[in-house]
Amino acid sequence: MRIPRLTVPCFLFSVLCAASLTAKTTAYVGGRLIDGWGGAPVNNSVILVENERIKAVGTAETLPVPAGAEVVSLAGMSVLPGLWDNHVHTMLLGHSDYTHWDKTYPARFEKEIMPAAARQLLFAGVTSARDLGAPLDASINVRQRIARGEIPGPTLYVSGPFIQHEAYPGTEDFRWGVKGAEDARAKVKRLADAGVNIIKLIDQDQMTGEEIAAIVDEAHKNKRPVVAHSHRPDEIRLGLKYGVDCFEHTGLATAPGYPDDVLAALKERTAKMSLGPLFWCPTIEGFFNYEYNVANPMHIEDTGWQNGVPADIVADIKQSLKNPGWLAYYQITPLRAKTSAAKFKQLQEAGVVLLIGTDSGIPMKFHNQSTWRELDIWVNRLGVDSMTAIRGATYWPAVAMKVDKDYGTIQAGKYADIIAVKGDVLRYIDLLQRVDVVIKHGKRVK
């Protein structure tokens, strides 16, 4: 039956009233709020959360708690936006042998391995993550299952397969080679049409300029940022030339610093305010922690990385790490550590915006540990102040992914992605290894 025109406003009003009656308000009170904007922390804070979003933020003196709201005390705790890890691999769980892993486990990525990695990240306080390299269908499906609430995990921003000159043998499911500009453009469009959030380049110094230009142009036409490996000088040079949005890793092996022309090009790019920030994700902590981890392999014995992982896979990973000092993958690492701090400083001085990312999932690097360890190295070995490091894991990643309307800071209207940890995290950044409260989209998951 057709609804009479005059009754429509009344009908809508009744719907809105019903929605307001079912909205649940939770008040998180008493914590020391670090909101992500970089200002002074706010003591005795009040955060009102209604369903998935933050309704209001204030203090006990300025923001009354509504009658009937659930009140959760965060007294004695630092309260932050949920962390971002900007470089993870949920298809990996720390096993030392890529060839064995890539041959043995692809059929188990989507159902077992990637969900376990996502769960571990979330329980470590990572409410958003960029997953940079995995099979396309598995990446999309796991991301969507998390979004629907079927499995726990951070909000994922996925790249699907790497784009490179030629896939390494046995990796074709998650590495796509390109043959010419037309093929490069078609593969990027295929990824974009499938719904990836990011396009990832590697070995771009083995591509033609036309191929790189096609990849970046097609990605930007589809409103996807491009991230690119920065291991070799020409990877950086070409990335800058063709407009890459974010570089990954500190790179350049044991070299003492970036070449002068690369630094000059970086400074030229960061001077162009109209283009926005140039982002860089250095994934640097492993250089500084490797020798300690070999001598004190307690992090391998930590059962947190086993959370949700089938017993046979746990046993396989443990066996692969039985002699952590023997891993060929890391033999050059102590030498790289000697020059990494200088390169990190060069990036800071060149004006790039540094993001917290870890390469979590690579050998000996576990999803439940990697993010806080990166923050710890930034602050306690590289001299970054705690607030800047936290913003590299909260505010700036949301800007980089163009989702800062909804994420990155604690303020009214944004999704309620909030973590809390006992103690003063600005004084002791390593407190983040024990995140006590995790709230994602308004739901307390820890």
Side-chain angles (χ1 to χ4, degrees), residues 34 36 78-94 113-134 139 142-143 145-147 149 151-159 197-198 248 281-283 285-286 299 302 304-305 307-309 354-362 365-378 389-398 400-401 403 406-410 414-421 425 429-446:
I34 302 162
S78 297
V79 183
L80 300 78
L83 301 177
W84 286 64
D85 193 317
N86 293 282
H87 194 127
V88 306
H89 294 284
T90 61
M91 63 171 260
L92 303 173
L93 296 177
I113 290 168
M114 295 170 75
R119 177 187 181 90
Q120 291 173 22
L121 286 164
L122 181 62
F123 276 73
V126 176
T127 57
S128 299
R130 300 195 314 188
D131 193 0
L132 300 183
S139 296
V142 170
R143 184 192 67 187
R145 289 184 67 200
I146 292 170
I151 57 175
T155 300
L156 288 182
Y157 300 86
V158 302
S159 70
N197 308 98
I198 312 160
E248 306 297 311
C281 188
T283 66
E285 70 85 15
H299 80 299
D302 175 11
W305 65 263
N307 188 359
V309 182
L354 295 168
L355 305 178
I356 290 288
T358 63
D359 225 359
S360 190
I362 68 171
K365 189 168 283 202
F366 304 112
H367 298 290
N368 70 312
Q369 306 168 0
S370 297
T371 313
W372 80 263
R373 285 173 174 263
E374 184 80 10
L375 283 155
D376 177 63
I377 289 298
W378 277 34
I390 288 168
R391 279 166 57 80
T394 55
Y395 171 76
W396 283 117
M401 291 306 301
V403 293
D406 289 317
Y407 297 96
T409 57
I410 295 177
K414 293 193 177 184
Y415 281 113
D417 282 8
I418 302 166
I419 64 171
V421 59
V425 78
I429 196 73
D430 59 352
L431 289 173
L432 286 168
Q433 69 185 286
R434 298 283 184 270
V435 177
D436 298 285
V437 177
V438 179
I439 301 158
K440 187 198 170 195
H441 285 200
K443 182 179 179 181
R444 290 199 302 279
V445 297
K446 181 182 180 183

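Just so it is clear, the model here is predicted, and its values are computed rather than measured. All heavy atoms count here, side chains included; hydrogens, waters and symmetry mates do not.
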If you round to the nearest 0.5 Å, how far is [atom2] of [Y] from [atom1] of [X]?
| X | Y | atom1 | atom2 | result |
| --- | --- | --- | --- | --- |
| Ile410 | Tyr395 | CD1 | OH | 15.0 Å |
| Ile439 | Ile419 | CD1 | CD1 | 10.0 Å |
| Leu375 | Leu83 | CG | CG | 6.5 Å |

Please find out if less than 6.0 Å separates the ring center of Trp84 from that of Tyr157.
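Here the rings of Tyr157 and Trp84 have centres that are less than 6.0 Å from each other.
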Measure centre to centre between the rings of His441 and Tyr407, then say whether the value is under 6.0 Å.
yes
Answer yes if the side chains of [X] and [Y] hold a donor-acceptor pair under 3.5 Å, and no otherwise.
| X | Y | result |
| --- | --- | --- |
| Thr409 | Lys414 | yes |
| His87 | Glu248 | yes |
| Thr283 | Asp359 | no |
| Arg130 | Asn197 | no |
| His89 | Asp131 | no |
| Asn307 | Asn368 | no |
| His367 | Ser360 | yes |

For Val425 and Leu432, run side chain to side chain contact (heavy atoms under 4.5 Å, CB included): C-alpha distance rounded to whole Å, both residues' side-chain angles, the deciding distance at 0.1 Å, then the answer.
CA-CA 7 Å; Val425 78; Leu432 286 168; 3.6 Å; yes
List the atom of Lys365, the atom of Ser370, and the distance in Å for their closest heavy-atom pair.
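So the two residues come closest at CG-OG, 2.8 Å.
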Closest heavy-atom contact between Leu92 and Gly361?
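Distance-wise, the nearest heavy atoms are CB-O, 3.0 Å.
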Contact between Ile198 and Val158 at the side-chain level, heavy atoms closer than 4.5 Å - yes or no?
no
